[in-house]
Amino acid sequence: MSILVVGSVALDSVETPFGKVDEVLGGSGTYFSTSASFFTDVNLVAVVGEDFPQKHIDFLASRQVDLSGLSTAAGKTFRWSGSYGYDLNEANTLDTQLNVFASFCPKLPESYLNAEYVFLANIDPELQLDVLKQVVRPKVVACDTMNFWIDGKRDELIQTLKYVDILLINDGEVRQLADESNMIKAAKIVLAMGPKTLVVKRGEYGATMFTEHGVFSAPAYPLESVYDPTGAGDTFAGGFMGYLASVRDHSDAAMRQAIVFGSVMASFNVEDFSLDRMRSLEFDEVRDRYRKFQLLTTFNGID
Ligand code: AMP
């Protein structure tokens with residue numbers, strides 16, 4: 001089953017303690033689509049400016065991402081710049097230029113309207129809702145956001161969340177959205193906003209899923225070489241949704257497996273800058289790391 005995603009397609013400038021890159025391929029929609037494309041077909045809705053390099057479009061096409069919903073508008077492509085200190089869990093946004101996204105009014109291509117799996121990647125919550133409303137009968141709607149929108153468009157975000165089944169955000173964002181520092185209490189507050197499932201991404205500490213039935217936690221894959229965490233969250237979401245859509249199952253058991261696939265995909269992405277690790281990644285490596293995850297977390301019970 002294919003996935004419809006709306007999100008940013010960007011040129012990123014990033015500095016980490018291990019290197020620096022300028023105007024490289026980035027964006028929440030880009031990371032998500034690339035990661036999900038390892039599992040299923042992806043239909044991308046986004047806009048780029050006239051300055052967007054053709055080689056990046058060719059890369060997305062090489063991953064079989066359907067680009068009929070990617071338009072080119074007069075003006076400049078979305079740009080984001082950020083830096084990380086030795087604590088790679090925390091991105092410092094240095095600059096966000098919405099550019100062509102500021103006036104983007106997407107009209108979904110006919111072939112996207114019957115999407116069953118929809119991912120609202122991190123972008124203006126008004127735009128997320130605008131896209132969602134065009135989809136005829138979505139079956140599973142998942143969503144991501146960030147401090148920029150929780151701060152700047154809180155009411156619009158809360159409106160969008162009413163239509164969301166699964167929210168995937170990081171721990172700081174859960175606290176900020178709920179205005180509550182205790183994670184368990186904060187999760188309850190967020191679940192009362194609409195989503196039935198909350199997946200909290202905790203960087204190198206893994207991910208935790210909250211539902212009305214309980215809590216599930218998975219660690220992150222232990223890695224010695226992490227170069228650039230940019231896009232880890234979107235890549236996680238791509239593996240998570242990609243797996244769910246590929247098995248057409250969103251039971252608790254499938255969601256647990258999806259969290260591990262999300263963690264596996266994110267663990268590859270942080271091994272290099274931009275999406276460079278994704279360019280050489282093979283699905284056998286994904287499967288192999290999934291099995292290693294199983295060994296990492298299996299232990300005997302007690303009588
Ligand atoms: P992540 O590290 O998974 O949170 O995602 C990083 C990506 O999100 C970068 O490639 C940015 O281009 C993109 N991004 C950063 N800020 C925003 C924003 N306000 N709206 C949409 N996308 C953004």
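Hydrogens, waters and symmetry mates are skipped; everything else that's a heavy atom, side chains included, is used.
- For Gln128 (side chain) and Leu157 (main-chain N/O), no donor-acceptor pair under 3.5 Å exists by modelled atom type.
- Residue Leu98 holds its CG atom at 5.0 Å from CZ of Phe148, rounded to the nearest 0.5 Å.
- The pair Lys153-Glu126 meets the salt-bridge criterion, since a charged nitrogen lies less than 4.0 angstrom from a carboxylate oxygen.
- Within 6.0 Å of the CD atom in Gln54, the count of heavy atoms belonging to other residues, nucleotides or ligands exceeds 12.
- Checked against the 6.0 Å centroid threshold, Phe293 and Tyr290 do not count as a close aromatic pair.
- Within the 6.0 Å centre-distance limit, the rings of Phe283 and Phe39 are counted as a close aromatic pair.
- Side-chain contact between Leu223 and Glu271 is present, with at least one heavy-atom pair separated by less than 4.5 Å.
- Atom NZ of Lys188 has 12 or fewer heavy atoms from other residues, nucleotides or ligands within 6.0 Å.
- At least one cation-pi condition fails for Arg248 and Tyr117: the charged atom is not both under 6.0 angstrom from the six-membered ring centre and inside a 45 degree cone around its axis.
- For the pair Leu120 and Leu127, the minimum side-chain heavy-atom distance is 4.5 Å or more.
- Residues Ser28 and Ser8 have side chains that bring a donor and an acceptor to within less than 3.5 angstrom of each other.
- We find that Arg79 and Asp12 are not joined by a salt bridge, their nearest charged nitrogen and carboxylate oxygen being 4.0 Å or further apart.
- Within a 6.0 Å sphere centred on OH of Tyr227, heavy atoms belonging to other residues, nucleotides or ligands number 12 at most.
- Side-chain atoms of Ser35 come within 3.5 Å of backbone N or O of Gly239 as a donor-acceptor pair.
- Asn89 contributes a side-chain N or O that, together with a main-chain N or O of Glu204, makes up a donor-acceptor pair within less than 3.5 Å.
- By the 4.5 Å heavy-atom criterion applied to side chains, Phe240 and Ile259 are counted as neighbours.
- Heavy atoms of other residues, nucleotides or ligands lying less than 6.0 angstrom from CZ of Phe18 number more than 12.
- One finds the OG1 atom of Thr77 at 5.0 Å from the CG atom of Leu11 (value rounded to the nearest 0.5 Å).
- Taking the six-membered ring where the residue is Trp, Phe104 and Phe101 present perpendicular rings, their angle passing 60° and hence far from 30°.
- With no hydrogens or angles considered, no side-chain donor-acceptor pair links Ser33 and Arg63 at under 3.5 Å.
- Within 6.0 Å of the NZ atom in Lys107, the count of heavy atoms belonging to other residues, nucleotides or ligands does not exceed 12.
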Would you sort out whether Asp144 and Lys201 count as a salt bridge (Lys or Arg N to Asp or Glu O under 4.0 Å), showing the intermediate values?
CA-CA 11 Å; Asp144 185 8; Lys201 299 170 286 181; 3.4 Å; yes

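- Within 6.0 Å of CG in Asp95 there are more than 12 heavy atoms belonging to other residues, nucleotides or ligands.
- Between atom CG of residue Asp124 and atom CD of residue Glu156 there is a gap of 7.5 Å, rounded to the nearest 0.5 Å.
- When Asn170, Asp171, Thr208 are each tested for a side-chain hydrogen bond (donor to acceptor under 3.5 Å, both in side chains) with Arg202, only one passes: Thr208.
- The line from CZ of Phe268 to OG of Ser280 is 9.5 Å long, rounded to the nearest 0.5 Å.
- Between the side chains of Tyr243 and Gln257, at least one donor N or O sits under 3.5 Å from an acceptor N or O.
- Inspection of the Thr16 and Asp228 side chains reveals no N or O donor paired with an N or O acceptor under 3.5 Å.
- In this structure, NZ in Lys139 is found 4.5 Å from CD in Glu116, a value given to the nearest 0.5 Å.
- The number of heavy-atom neighbours closer than 6.0 Å to CD of Glu285, taken from other residues, nucleotides and ligands shown, is above 12.
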